[in-house]
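Residue numbering restarts at 1 for every chain, and letters A, B, ... go by the order of the sequence lines. Just so it is clear, the model here is predicted, and its values are computed rather than measured.
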There are 2 protein chains.
Amino acid sequence: MTITDIRQQLSEKGLKITPQRIAVLEAIIKLNNHPSAENIIDYIRKNYPNVSTATVYKVLDALVDNELIKRVKTDKDVMRYDAILHAHHHLYCTKTDKIKDYFNDDLNHLLTNYFKKHRILDFEIADIKLQIVGKFKTPKKTAPKKRNILPKKA
Amino acid sequence: MTITDIRQQLSEKGLKITPQRIAVLEAIIKLNNHPSAENIIDYIRKNYPNVSTATVYKVLDALVDNELIKRVKTDKDVMRYDAILHAHHHLYCTKTDKIKDYFNDDLNHLLTNYFKKHRILDFEIADIKLQIVGKFKTPKKTAPKKRNILPKKA
DNA sequence: TATTAAACGAGAATGATTCGCTTTTAGATT
DNA sequence: AATCTAAAAGCGAATCATTCTCGTTTAATA
């Protein structure tokens with residue numbers, strides 16, 4: 001996703017192309033880990049120190065309204081954001097609060113087909129998101145990466 | 001779900017049985033519409049005017065920690081709560097912000113089986129929630145309910 | 001009924017998000 | 001290229017859901 005692509009996307013939605021909007025979209029794509037508004041602000045300020053907090057929130061709203069990004073809600077109170085690159089679901093780790101993308105087209109087809117056959121009365125589905133809650137397992141190591149010969153604390 | 005049941009549930013989890021905890025659980029069950037903390041507080045205060053806001057939040061945390069209720073995440077910023085009566089998913093209306101329960105054991109089995117066959121690498125699933133986003137259709141009326149003979153504005 | 005850790009109450013504090021208002025700017029028009 | 005104007009950005013203050021602090025009360029147990 002290049003800056004040209006970003007400009008293109010904004011333009012397609014009839015949004016004015018501003019440095020702030022480009023910066024926010026770029027930040028979400030670069031950070032790539034469901035950043036909070038704060039994360040995004042910190043990232044942007046490295047290059048544009050005087051971007052207003054309120055502006056970032058306003059930009060985020062505009063981008064969500066125009067379906068260029070999605071909001072991701074956690075059990076904690078801060079909102080997180082996600083670039084819309086490809087339909088995907090989320091794995092929520094109850095231990096670490098990490099959110100990982102989960103791509104599975106096979107599953108998407110399964111769900112789409114399921115709801116094509118079993119419509120929900122009086123409801124028109126626009127999107128289906130799976131929140132898969134659980135824990136990341138620490139993978140077993142075949143060999144330790146590092147050896148710590150020294151004691152942890154002097 | 002009677003008060004005796006509620007006492008039983010608290011007791012099973014090793015939680016002290018307090019009037020406040022009973023009131024909160026009762027409120028969530030009675031309100032039955034994914035209430036926010038504010039909704040719950042308003043409801044409880046009708047009968048117990050001096051329940052502290054902080055207490056309600058603390059009780060909600062305790063109940064979530066002990067899996068007696070669930071948090072319902074929305075794209076908006078307030079958290080909502082839901083009694084755990086039976087496994088279910090949610091329909092989110094983008095027009096009205098209403099959240100409706102969606103029960104479908106058939107679908108639950110489908111998903112459970114799917115993930116039994118297709119495990120997610122390094123992730124241990126505890127719960128799967130579907131957020132089905134869309135719009136409630138207003139059902140077609142066979143005849144109009146009212147006729148408005150007068151002009152809309154004088 | 002005495003003990004005590006857990007729970008509660010009241011209100012202040014926090015902090016993410018929004019508001020109100022002014023200034024700036026993107027994009028269109030001359 | 002200069003002008004115009006609605007949209008966007010900036011900035012500080014305001015909002016408000018949620019959390020913290022800490023003194024008081026209470027549920028559970030002996």
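By the 4.5 Å heavy-atom criterion applied to side chains, V72(B) and Y81(B) are not counted as neighbours.
Between Q20(B) and dG9(C) there is a side-chain N or O to OP1 or OP2 distance below 4.0 Å. For Y57(A) and dT17(C), the shortest distance from a side-chain N or O to OP1 or OP2 is below 4.0 Å. Taking only side-chain nitrogens and oxygens, S52(A) never comes nearer than 4.0 Å to OP1 or OP2 of dA9(D).
Two residues, K58(B) and T53(A), neighbour DNA chain C, and the one matched to the more 5' nucleotide by heavy-atom proximity is K58(B). Residue A54(B) is the one, among R7(B) and A54(B), whose nearest nucleotide of DNA chain D lies closer to the 5' end (criterion: closest heavy atom).
One cannot find a donor-acceptor pair under 3.5 Å joining the base of dA8(D) and the side-chain atoms of T18(A).
As rounded to whole Å, 14 Å separates atom C1' of dG27(C) from atom CD1 of I22(A). If you measure from atom CG of L60(B) to atom P of dA7(C), you get 14 Å, rounded to the nearest angstrom. D65(B) has its CG atom 15 Å from the P atom of dA6(C), to the nearest Å. Atom CZ in R45(B) sits about 13 Å away from atom C1' in dC8(C), given to the nearest Å. Look at CD1 on I41(A): it is 15 Å from P on dG15(C), rounded to the nearest Å. Separating the CG atom of L63(A) from the P atom of dA8(D) is a distance of 11 Å, rounded to the nearest angstrom. Distance CZ (R21(B)) to C1' (dA6(C)): 8 Å, rounded to an integer number of Å. In this structure, Y81(B) atom OH and dA17(D) atom C1' are separated by 10 Å, rounded to whole Å.
At the heavy-atom level, A62(B) lies nowhere under 4.0 Å from the strands shown. Across all strands, P19(A) comes closer than 4.0 Å only to sugar-phosphate atoms, never to a base (heavy-atom distances).
Here the side chain of R80(B) pairs no donor or acceptor atom with the backbone of S36(B) at under 3.5 angstrom. Without hydrogens or angle criteria, N33(B) side chain to P35(B) main chain gives no donor-acceptor distance under 3.5 Å.
With dA16(C), dG9(C), dC8(C) as the choices, the nucleotide that has an atom nearest any side-chain atom of E38(A) turns out to be dA16(C). Relative to the side chain of K16(A), the nucleotides dG9(C), dG10(D), dA6(D) differ in distance, and dA6(D) lies closest. Side-chain proximity of L15(A) to the nucleotides dG11(C), dG27(C), dA8(D) is greatest for dA8(D). Nearest to the side-chain atoms of N50(A) among the listed nucleotides dA9(D), dA10(C), dC11(D) stands dC11(D).
Note: F103(B) and H88(B) have tilted aromatic rings, judged against thresholds of 30 and 60 degrees for the angle between ring planes.
Taking the centre and axis of the six-membered ring of Y92(B), the NZ or CZ atom of K129(A) falls outside the cone set by 45° and 6.0 Å.
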